Structure formats: C-alpha cells, structure tokens
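Notes for the one structure printed next.
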Amino acid sequence: WSKCLIGSVVPVDTHSRRIAAVKLVNSEYKLLLVNVYMPYNDGSDDVYDEYVTELSNIDLLLATYSDCCPVVGGDFNVDFSRQSRYSELLHEFLICHDFNCTQLLSSLCQNIDYTYHFNMSRFSVLDHFLIPSMLNKLITNLCVCHSVDNTSDHEPLCLTIDLDIIVTAYKSRQYCNKLAW
C-alpha cells in the first residue's frame, strides 16, 4: 500500500492461508480489504468442506470488523454462469451479507470477458469482488487487465471505488548515512 495515504493500514490476522486482509482507517472511512484464494472445485466433499470453512473464516472476519465497510476480492473459483453447489453456496453468502458480486452487476460486467483461461482455449470468470450494496453507486470502474506480460492463467480484476480518500503529497526520500548492522 502507498505510504502517502492519510490514515493507517493494519494487517489483519485471518487464521487462514487462503485469506489475506488489511484494515484501512482514516478520519472518514474504515475499510476492511480482504483478498481470497478459494479452493478449486473438484467436486469432492473434502474440497466443498474446505470451501465452506473458508467462507466461514470470511464471515468471522466480517463479524469481528463489523465497524468497517468490507470489500472482498479474489479467486473464488466460481463462475456464476454455471450452476454448481459452489455457486449456490457463494450466492447464499452474498444474500446473507447484503453483498453484490461484480459479475452479477450487469452494467459493470460489459468490460469483463474472462478472468481465467485454460491454455487460452477455455475461458471463465472465476475472480470477483464482493461489495456491500451501499457501495454500488460509488463504483466508477471495473475491468480486467489483459497483458502479455502476465504469466498467470488468471487475469487481474481491477475495481475503482470513488471514496475521495485524501492522500498527502509525495515526499522524496532523503539520504541519511547510517551504520549497517
């Protein structure tokens, strides 16, 4: 994160290797930014149980930091255009938390062709942002960054929310001669 943000950025212990989170707090906003990497749906009950566990971990984060506005993004390994028990489970999670999924906001999804490809032959939208309904009107952009420099089979999904977060002017670093311990 940029050190010139006014406010504090505090890493949050998520107790999960699949979830990373930070709390961004300034005088106007308290945000909980959560990044997820959900298990791949291979159809087994073990993986489904792990998926449920990770959703429970996200649920616990949201309850623990209920004073923050959450934005949850990442690889959910769910394509809502395909019916599965994973998509149904995630959809129930959305309803329970009054979240919208960026893939389900049709006005924004016109720029989203795919976020995942298998050998550039099969394409899916598996990466999403889950955002509270109250933030819908503040979303100014949602896009996928397709780049030949990206060696991953997932394409970065970018979300812009207009929160008017104030940043300070950039200060160039001053060299200070110190002992190297």
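Treat the numbers as computed from the prediction; the structure is a model and nothing was measured.
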Point-to-point distance, once rounded to the nearest 0.5 Å, from [atom1] of [X] to [atom2] of [Y]:
X	Y	atom1	atom2	value
His154	Asp75	NE2	CG	4.0 Å
Thr140	Ile161	OG1	CD1	8.5 Å
Tyr116	Asp79	OH	CG	11.5 Å
His91	Gln83	NE2	CD	9.5 Å
His117	Ser124	NE2	OG	11.0 Å
Phe76	Ser87	CZ	OG	13.5 Å

[X] side chain near [Y] side chain, heavy-atom distance below 4.5 Å:
X	Y	answer
Asn26	Leu24	no
Leu159	Asn141	no
Val71	Phe129	yes
Ser16	Glu54	yes
Leu62	Pro70	yes
Asn35	Ile19	no
Lys23	Ser8	no

Show the nearest heavy-atom pair for residues [X] and [Y], with the distance to one decimal.
X	Y	result
Arg85	Ser44	NH2-O, 3.3 Å
Asn150	Pro156	ND2-CD, 3.6 Å
Cys145	Glu155	O-OE1, 3.1 Å

For this session: Might you work through the side-chain contact (heavy atoms from CB on, under 4.5 Å) test for Leu32 and Val12, ending with a clear yes or no?
Result: CA-CA 9 Å; Leu32 179 66; Val12 171; 4.1 Å; yes

For this session: Sorted by first residue and then second, give each side chain to side chain donor-acceptor pair (under 3.5 Å) pair with at least one member in residues 59-72; sequence neighbours left out.
Result: Lys30-Asp67, Asp59-His97

For this session: May I have all residue pairs that pass ring pair (Phe, Tyr, Trp, His ring centres under 6.0 Å) and include part of residues 3-23, sequence neighbours excluded?
Result: none

[X] (side chain) donor-acceptor with [Y] (main chain) under 3.5 angstrom:
X	Y	value
His128	Val78	yes
Thr53	Asp49	yes
Arg18	Tyr37	yes
Thr115	Leu126	yes
Ser133	Phe99	no
Asn41	Asn77	yes
Asp46	Glu50	no

Problem set entry | side chain to side chain contact (heavy atoms under 4.5 Å, CB included) partners of Leu55, counting only residues at least two apart | Met38, Tyr51, Ile58, Leu89, Leu90, Phe93

Joint cluster assignment, [X] & [Y], ILVMFWY side-chain distance < 4.5 Å:
X	Y	answer
Phe80	Val52	yes
Ile139	Val125	yes
Leu157	Val22	yes
Val36	Tyr40	no
Tyr29	Val9	yes

Exercise. Going by distance alone, is a donor N or O of one side chain under 3.5 Å from an acceptor N or O of the other, for His146 and Asp113?
Worked result: yes

Exercise. Relative to each other, are the rings of Tyr86 and Tyr48 parallel, tilted or perpendicular (30° and 60° limits)?
Worked result: perpendicular

For this session: Given side-chain contact (heavy atoms from CB on, under 4.5 Å), test Leu130 with Asn100 step by step and report yes or no.
Result: CA-CA 6 Å; Leu130 311 182; Asn100 283 320; over 6 Å; no

For this session: List the steps, then state whether salt bridge (charged side-chain N to carboxylate O under 4.0 Å, His left out) holds for Arg122 with Asp153.
Result: CA-CA 11 Å; Arg122 291 186 308 203; Asp153 53 1; over 6 Å; no

For this session: Output, in order, the C-alpha distance, side-chain angles, deciding distance and verdict of side-chain contact (heavy atoms from CB on, under 4.5 Å) for Leu31 and Cys68.
Result: CA-CA 5 Å; Leu31 298 174; Cys68 296; 5.8 Å; no

